[in-house]
Every structure is written in C-alpha cells, then in structure tokens.
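Worksheet: the structure to be examined is printed underneath.
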Amino acid sequence: MTPAIVAFVVLLLIGAPVAVVMAMSGLVGGYTLGGERMLGIIADRMFSGVSGFLLIAVPYFIFTAELMNQGGLTQKLIAFNNALFGRVRGALSHVNVSVSVFFAGLTGAAITDTVAIGKIMIPEMKKQGYDAEYAAAITACSSIIGPIIPPSVVMVVYATLLRDISVIDLFAGGIIPGLLMAGALLAVSFFLAWKRGYPKQAPIPFKMAIFAFLAALPAMLVPLIILGGILSGLTTITEASGFAAVYALAIGALFYRSLSWHKVWQALVVTVRFSGVVFFLLATSAVLGWFVTRSGIARDAAGLITTVSDSAFLQLMLVCVLLILIGTVMDVLPALVVVAPVLVPAMIQLGFDPLHFAILMIVVLNISNVTPPVGMTLMTAARIAEVPYERAIIASLPFYFAYVAVILLLAQFPVLSTWIPSLLR
C-alpha cells in the first residue's frame, strides 16, 4: 500500500495529469499486491471502466448542451428570466441565478454554464453599473448548480464508478439540493442588491413577456423530455439523452434556425474533446479503484474517521472539509474519481445512507469549483469580466457562505436528498 501512496503523492506534486497519476499508482499498487501476475489485470480493469452501457449518455448530454449553446438558447432563456425579474432591484443579478436553474436542465457541466451565460450576462451587468468582480462571482457561483439539478454528467460518472446507486436515484436526489442552492444564492443576491443599490430595469410589457416565454418554451422542454422520460420509466438514461440531442438539433436548425453546419461541427468537436477526457479519467480510475478494493484502504479510512468522533454529523463534516480541501487543488471530475472509491465504501461501513452521501459529496465537490486556487468556474468568470482573480474571490465569499449553509442542511437532514427518489420506488 505504501509504495502506491508514495507514487500517487509524488506524481501529483510534480504536476502529472490526474489520469496518469491514478493509472501509475494503481499499477504500482497492483505490483506490490501480487507481483507481475497482477499487471495483466490492469488493461482489463481499464476496459471495464469505460464499457458500461450507461456511459453512452455522457457524449449525448454534452452534445445536447453544446447544440443549445451554439443555437442561441442562452439569449432566449435570459430574455424570459429578465421578463420575470425586470422590475426588481438588482434584476440582472437575480436573472443570472434563475437562468442557471433553467440551464441546469440542459448541461451537466458547470464550466459550460459559466461560459455560455457569462459571455452575455457579465458585460451587460458591467454596463448597467454592477461591479465587475460581483458579476464574475454571481455567474461562477450560480453555474455550479448545473451539475446538481439533473441531467448531470457528474452523476452519470458517479453511477458508473460506484454501481450501488442508480443514476435515476441520483438525478432525483439532486433536485431539492439544487433548488436549495438557487434559493440561497437568490437570498444573498436580493440582500446585496438592496444594500448596494443595484439598478432596476424598465418594466417589460406583458405582451413582450409572453413573447419571451413562447420563444424560450421549445428550449425549456429539453429538460422535461430528459427527466420526464427517465423518471416515468418510459426511457432509459441513454435513450433519453439520445432523443434530447436529436430534439436540440431539430429545434436549433428548424425552429430557431440558428444552427449552421459549422456550428454543429463545433459542437461535435467540443463533445469529442470533453468525452475523451471523461472516458480516460474513468478508465484510469478503474485501476485505482480496483487497488483500493483489494488493499483494504476503504476499511482503514472508515476506522480513521471513527477515531475522530462518534457523532455522525461531525463525521460528515470532517469528510466535507476533506472534500473541500481536495477541491482546492483538483477539478470536480478528477477529484470524484480519486476519492469516491475510497470514501464511499468507508461511509457505507459507518452506516450512512449511500444516496445521501453521494448527493452531499457531489454538492461539496462542485462548490469547490469556486474555491481557490483552482476554482475553474470562478477563474473563467473573472477572465470574462476582465477582473483580477483575487477580487473575484473576495466578491464570491457571501455566496460561498450561503452554500456552506446548504451543506449543513443537507448533512443534517438526509431526507432532502432521499425524499424524491423514495417516491419513485
């Protein structure tokens, strides 16, 4: 076990890609367990890590999101949400949050939300008098709702890594936490808008609001198609994702008429690149996960957690702090594939509900997307806003503390994660 841990730490410190770190440390661990005869298992483990039928949904979800981005969906959603909040002080700030909730049903990646919404909202917020760092902070913090409200690429990856929970339960379990996150952001947004005197917008006539709703309606049907088909049992995850991609292509090309062949090609290129990263991570994580299972690291981790405290809540808080620390140096998917095979079996041994812990882990790791020094969504939003990263970090603190409150709620009340999935059984 020790050589594998040493290899993992050394490779991580010298800046090796996370996938290489996992593959090599698993290779070293396998050799220490059984010598050369164990090395033949590595290739088999890598293949099995990406051979699941469920993973076909990943490129479809990514392709759907990219088609909607290229087809101008973001502008339609922003126009509709602006009609809802236009008369309220700090309207664009609230629109930034609410449009991310709608957008969450179309994309499973926070960075996609940041770029698609940020390129439109941040310049407009700056033009209307919002601080640039505030515009970056609210955009980045609202973007991480995307992988929580289904569909979610992160949840599909989780269900592939740890097959004790169905992706349907994960999707259903993310609905309430995602809405809680949006509510927490809106509460902070309303308070800061009132305190700082952010501008209102001109009232939007009812007729224009109706037109904005009708223009956005075909796009808003995408998450209903995906979730409706999956949760009703009419389709599998893969079938729903494929149908959503076809629907997105159809409305972008025929209804909005904003999808050219060049834009479809760009969407395909992004899909292939992102999918390649996800599948390579999954293949190498299967090697590390196999070693963790064979070596008993999960059992040792459970014993270590119990030595700190007997309180279930404090044990959860300890793990959440660990996840946040990991999230400061790693992006969400790499962090998930590294820690989930170790922590999840350990927490199940301690008696925690696997679905509750899965949702909590996914929420905490996604919140790490705005935690420096990595904080990819916050860094990206700061670049779009043309503001120093340090100022964006300071501006994001009120929203970050709101998210901490959501974490405490989810940890204390498992029913927030398990109630909707229990209705579907």
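The basis for the numbers below is simple: all heavy atoms, side chains too, and nothing from hydrogens, waters or symmetry mates.
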Measure across [X] and [Y] and return the closest heavy-atom pair with its distance rounded to 0.1 Å.
X: Ala358; Y: Ile165; result: CB-CD1, 3.8 Å
X: Arg89; Y: Trp194; result: CD-CA, 4.2 Å
X: Ala382; Y: Tyr389; result: CB-CA, 4.2 Å
X: Ile176; Y: Leu416; result: CB-O, 3.4 Å
X: Ala136; Y: Ile122; result: CA-CD1, 4.1 Å
X: Ala215; Y: Phe255; result: O-CE2, 4.3 Å

Does the side chain of [Y] come within less than 4.5 Å of [X]'s, by heavy atoms?
X: Ile175; Y: Pro150; answer: yes
X: Tyr403; Y: Val188; answer: no
X: Ile145; Y: Leu185; answer: yes
X: Ile324; Y: Ile367; answer: no
X: His356; Y: Leu316; answer: yes
X: Thr271; Y: Phe61; answer: no
X: Asp131; Y: Arg196; answer: yes

Donor-acceptor contact below 3.5 Å, side chain [X] vs main chain [Y]:
X: Thr236; Y: Glu239; result: yes
X: Lys126; Y: Ala385; result: yes
X: Ser275; Y: Val272; result: no

So how far is it from [X] [atom1] to [Y] [atom2], rounded to the nearest 0.5 Å?
X: Ile144; Y: Ile362; atom1: CD1; atom2: CD1; result: 13.5 Å
X: Leu249; Y: Leu254; atom1: CG; atom2: CG; result: 8.0 Å
X: Met361; Y: Leu410; atom1: CE; atom2: CG; result: 14.0 Å
X: Tyr198; Y: Leu92; atom1: OH; atom2: CG; result: 11.5 Å
X: Leu318; Y: Leu323; atom1: CG; atom2: CG; result: 9.5 Å
X: Ile237; Y: Ser166; atom1: CD1; atom2: OG; result: 8.0 Å

For [X], I'd like to know if atom [atom1] has over 12 heavy atoms of other residues, nucleotides or ligands within 6.0 Å.
X: Phe243; atom1: CZ; result: no
X: Tyr60; atom1: OH; result: no
X: Glu386; atom1: CD; result: no
X: Phe401; atom1: CZ; result: no
X: Arg273; atom1: CZ; result: no
X: Tyr247; atom1: OH; result: yes

Verify side chain to side chain contact (heavy atoms under 4.5 Å, CB included) between Leu350 and Met347, making sure each step is shown before the conclusion. CA-CA 5 Å; Leu350 293 176; Met347 299 305 284; 4.2 Å; yes
Worked verdict on Ser152 versus Leu170 for side chain to side chain contact (heavy atoms under 4.5 Å, CB included): CA-CA 9 Å; Ser152 167; Leu170 288 171; over 6 Å; no
Before giving the answer on side chain to side chain contact (heavy atoms under 4.5 Å, CB included), spell out for Ile138 and Leu192 the whole-Å C-alpha distance, their side-chain angles and the decisive distance to 0.1 Å. CA-CA 11 Å; Ile138 188 68; Leu192 293 179; over 6 Å; no
Donor on one side chain, acceptor on other, Ser93 and Ser189, under 3.5 Å: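 Per modelled atom types, Ser93 and Ser189 side chains form a pair under 3.5 Å.
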Set out, in order, the CA-CA distance, both residues' side-chain angles and the distance that settles side chain to side chain contact (heavy atoms under 4.5 Å, CB included) for Phe352 and Val344, then state yes or no. CA-CA 9 Å; Phe352 290 94; Val344 173; over 6 Å; no
Measure the acute angle between the ring planes of Tyr134 and Tyr130, then classify it against the limits of 30° and 60° as parallel, tilted or perpendicular.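 Geometry flag for Tyr130 against Tyr134: parallel rings.
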For the side-chain contact (heavy atoms from CB on, under 4.5 Å) test, which of Asp169, Ile359, Leu423, Asp353 pairs with Thr418?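 When side-chain contact (heavy atoms from CB on, under 4.5 Å) is applied between Thr418 and each of Asp169, Ile359, Leu423, Asp353, only Asp353 qualifies.
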